[in-house]
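Everything on this sheet refers to the single structure shown next.
Sequence lines set the chain letters: A, B, ... in the order given, protein chains first and strands last, and positions in each chain run from 1.
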Protein chains: 2
Amino acid sequence: MGDDLNSLLDRLQGVTSREALQAEIARLRDHFEVEHLVYHSVSGAGEQYAALTYSQDWVSHYVSQGYARIDPVVRGCLRSFEPVDWRALDWTGRQVTGFLDEALDAGVGRQGLSVPIRGPGGQFALFSVSDRRQDVLWQAHMGRSQRDLLLAAHFVNQRALEIDGRTTLCARALSPREIDALTMLAVGMNRPQAAERLAISEHTLRVYIESARAKLGALNTTHAVASALSQGLLLP
Amino acid sequence: MGDDLNSLLDRLQGVTSREALQAEIARLRDHFEVEHLVYHSVSGAGEQYAALTYSQDWVSHYVSQGYARIDPVVRGCLRSFEPVDWRALDWTGRQVTGFLDEALDAGVGRQGLSVPIRGPGGQFALFSVSDRRQDVLWQAHMGRSQRDLLLAAHFVNQRALEIDGRTTLCARALSPREIDALTMLAVGMNRPQAAERLAISEHTLRVYIESARAKLGALNTTHAVASALSQGLLLP
DNA sequence: TGTCACCTCGCCATTTCTGGGGAGGTTGAA
DNA sequence: TTCAACCTCCCCAGAAATGGCGAGGTGACA
């Protein structure tokens, strides 16, 4: 391996711009001795943010085609907590085989390992390394690097979140009872059930829902629950 | 520090029962040289799973009182990607001060650091260490241990997920139109507005909402939107 | 001592959603 | 080809939520 990981992470925590992050991505690629290293965040309404070492052509093609929807790596990571080895994924299906061919043409390696990362408000990102080594070499290499990759993934995402300024500004915090009320609705209760569970009258419950909605600037109850969930005001 | 972290993590990856995980939690506590170490998985519906070193009395009191809803540590971690220092939280409020007093009486330390952990399907957990050191000592201790704590948090959650067999969530994926429909509702539209935006009749929209609700096993529209959001099926 | 946020309760009319039926066309995979 | 899943449209009646009008008590903070 190249430099010491700890010093790389220290450097990483100092970056404050996308360009600097991009440079650190390249350094991490060298450190992990892989051909490509990719950070890819899909938070927000379709907007994606990436810092990677693929060719620009492939990236714009990927985005314009909406490949995030069919990419087996993305789909696999969405349902996994652990890092995902690309060979363990399902690469069958017409769209998928077409995607795979294009990816290989674009220089993406056949071997790969992707770390799923999840942040507040439903943020989701991938941190992937990819290469063209043989199976055995790749397995051994990843076996040695897995824990380091987890840490790198964490800190890259942390910097990316900070650079993008994803500090959700919440006008006024909800009161405990307002949180209770929205929580009951979020788990499927109707108002009589929720009121009974909270041991208050249905009308009082309505007052909480209304005040929560006003604070959140929501247009209706469903909107209020969705906003509160997205902002991390309710337990998932 | 006690044993080498890597060997502790290796041990950890071999556990297959709650009891064994509990034993490893105690070992990790000794390794990190703290009074208490807590792994705590929570959901809005109220199910909780914990492996920790607090007294059994405090745990059952915490659960029976539904303290997960008011605990500032939980609420802070919900909105953060980075580990959260307990001193940076807001401990004011009537219920909160009462909770704090009871916690201190139960032997919970005044110092603490909690790592938020997020898994697929909206899973959310905390990995916390707590102690009664002085501020300066605590800060220095945590500064040295932070990266190790991140790794420990990851692997404890990984084992907990596997032991509980939560790998099979989300039976059937939502169709594109179902996602569209729920997304419109999540941003506050009512049915006529959403139907117009999607350029379909209101009746058709209802079909999507109904089928999405059936797939998600939701009891009403608000529940369906909340579930889909929590499971990361909608963009926030 | 006053203010302000919070918690609790009630009624009315109107709008909106929900549950139960239908029907038919398209598309992709086995 | 056949089948399943998807997309689109329609009606009706009862259930539920919403909007707007109230009221009073508590505790914290300045």
Side-chain angles (χ1 to χ4, degrees), chain A residues 69-70 90-99 170-186 188-226 233, chain B residues 69-70 90-101 170-186 188-226 233:
Chain A
R69 283 188 183 277
I70 60 174
D90 177 15
W91 293 92
T92 63
R94 189 182 308 176
Q95 290 181 316
V96 172
T97 49
F99 166 75
C170 180
R172 235 185 329 171
L174 299 179
S175 79
R177 281 313 230 183
E178 288 160 354
I179 291 176
D180 290 341
L182 293 189
T183 300
M184 296 300 113
L185 298 179
M189 293 185 186
N190 57 23
R191 297 198 301 196
Q193 290 170 330
E196 189 187 352
R197 172 70 70 90
L198 298 177
I200 55 178
S201 77
E202 187 180 338
H203 187 81
T204 302
L205 180 78
R206 279 186 55 197
V207 175
Y208 299 146
I209 299 172
E210 290 291 319
S211 55
R213 184 160 58 193
K215 283 181 181 176
L216 295 165
L219 299 167
N220 53 47
T221 301
T222 299
H223 190 195
V225 171
L233 302 173
Chain B
R69 292 215 298 269
I70 59 173
D90 177 15
W91 292 93
T92 63
R94 195 186 328 172
Q95 295 187 46
V96 172
T97 50
F99 166 75
L100 177 59
D101 289 343
C170 188
R172 247 187 320 173
L174 298 180
S175 77
R177 283 312 232 180
E178 288 161 353
I179 292 174
D180 289 341
L182 293 189
T183 300
M184 296 299 112
L185 299 179
M189 293 184 187
N190 59 21
R191 297 197 303 193
Q193 291 170 328
E196 189 188 352
R197 172 70 72 89
L198 298 178
I200 55 178
S201 76
E202 188 180 338
H203 310 94
T204 303
L205 180 78
R206 278 188 54 197
V207 176
Y208 299 147
I209 300 172
E210 289 293 319
S211 55
R213 184 160 57 195
K215 284 181 181 175
L216 295 165
L219 299 168
N220 53 46
T221 301
T222 299
H223 189 195
V225 171
L233 302 173

Which nucleotide in [options] has an atom nearest any side-chain atom of [X]:
X      : options                : value
B:R213 : C:dG19, D:dC10, C:dC7  : C:dG19
A:Y208 : D:dT8, C:dT8, C:dC17   : C:dT8
B:N220 : D:dA17, C:dT18, D:dT8  : C:dT18
A:P192 : D:dT18, D:dG20, D:dA17 : D:dA17
A:I200 : C:dC17, D:dC9, C:dT8   : C:dT8

Does [N] have OP1 or OP2 under 4.0 Å away from a side-chain N or O of [X]?
X      : N      : value
B:S201 : D:dC9  : yes
B:R94  : C:dC6  : no
A:R206 : C:dC9  : no
A:H203 : C:dC9  : no
A:R191 : D:dA15 : no
B:K215 : D:dC6  : yes
A:S211 : C:dC6  : no
B:S175 : D:dA5  : no

Quick one, B:L216 and B:L233 - any side-chain contact, counting heavy atoms below 4.5 Å?
yes

Student check: side-chain heavy atoms of A:R191 and A:I209 closer than 4.5 Å:
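In contact.
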
Roughly, in whole Å, what's the span from [atom1] in [X] to [atom2] in [N]?
X      : N      : atom1 : atom2 : result
A:L182 : D:dA17 : CG    : P     : 14 Å
A:E210 : D:dG20 : CD    : P     : 9 Å
B:H223 : C:dC17 : NE2   : C1'   : 17 Å
B:L205 : D:dC6  : CG    : C1'   : 15 Å
B:L174 : D:dC7  : CG    : P     : 10 Å
B:E202 : C:dT16 : CD    : C1'   : 9 Å
B:L219 : C:dT18 : CG    : P     : 11 Å
B:E196 : D:dT8  : CD    : P     : 15 Å

Is a donor on one side and an acceptor on the other found under 3.5 Å between the side chain of A:E196 and the backbone of A:Q193?
no

What is the nucleic acid contact for [X], judged by heavy atoms within less than 4.0 Å: base, sugar-phosphate only, or nothing?
X      : answer
A:T221 : sugar-phosphate
B:T204 : base
A:E178 : nothing

Could you tell me whether A:E202 atom CD has more than 12 heavy atoms of other residues or ligands within 6.0 Å of it?
yes

Go nucleotide by nucleotide along DNA chain D from the 5' end; which of B:L198 and A:N190 gets its closest nucleotide reached first?
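Nearer the 5' end of the strand: B:L198.
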
Residue closer to the 5' end of DNA chain C, B:I209 versus A:V207 (nearest nucleotide):
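Taking each residue's closest nucleotide, the earlier one in sequence belongs to A:V207.
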
A:L205 CG to A:M189 CE distance, which is reported to the nearest 0.5 Å
10.5 Å

A:W91 to A:T97 - nearest heavy-atom pair and separation:
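Looking at all heavy atoms of both residues, the shortest contact is O-CG2, 3.6 Å.
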
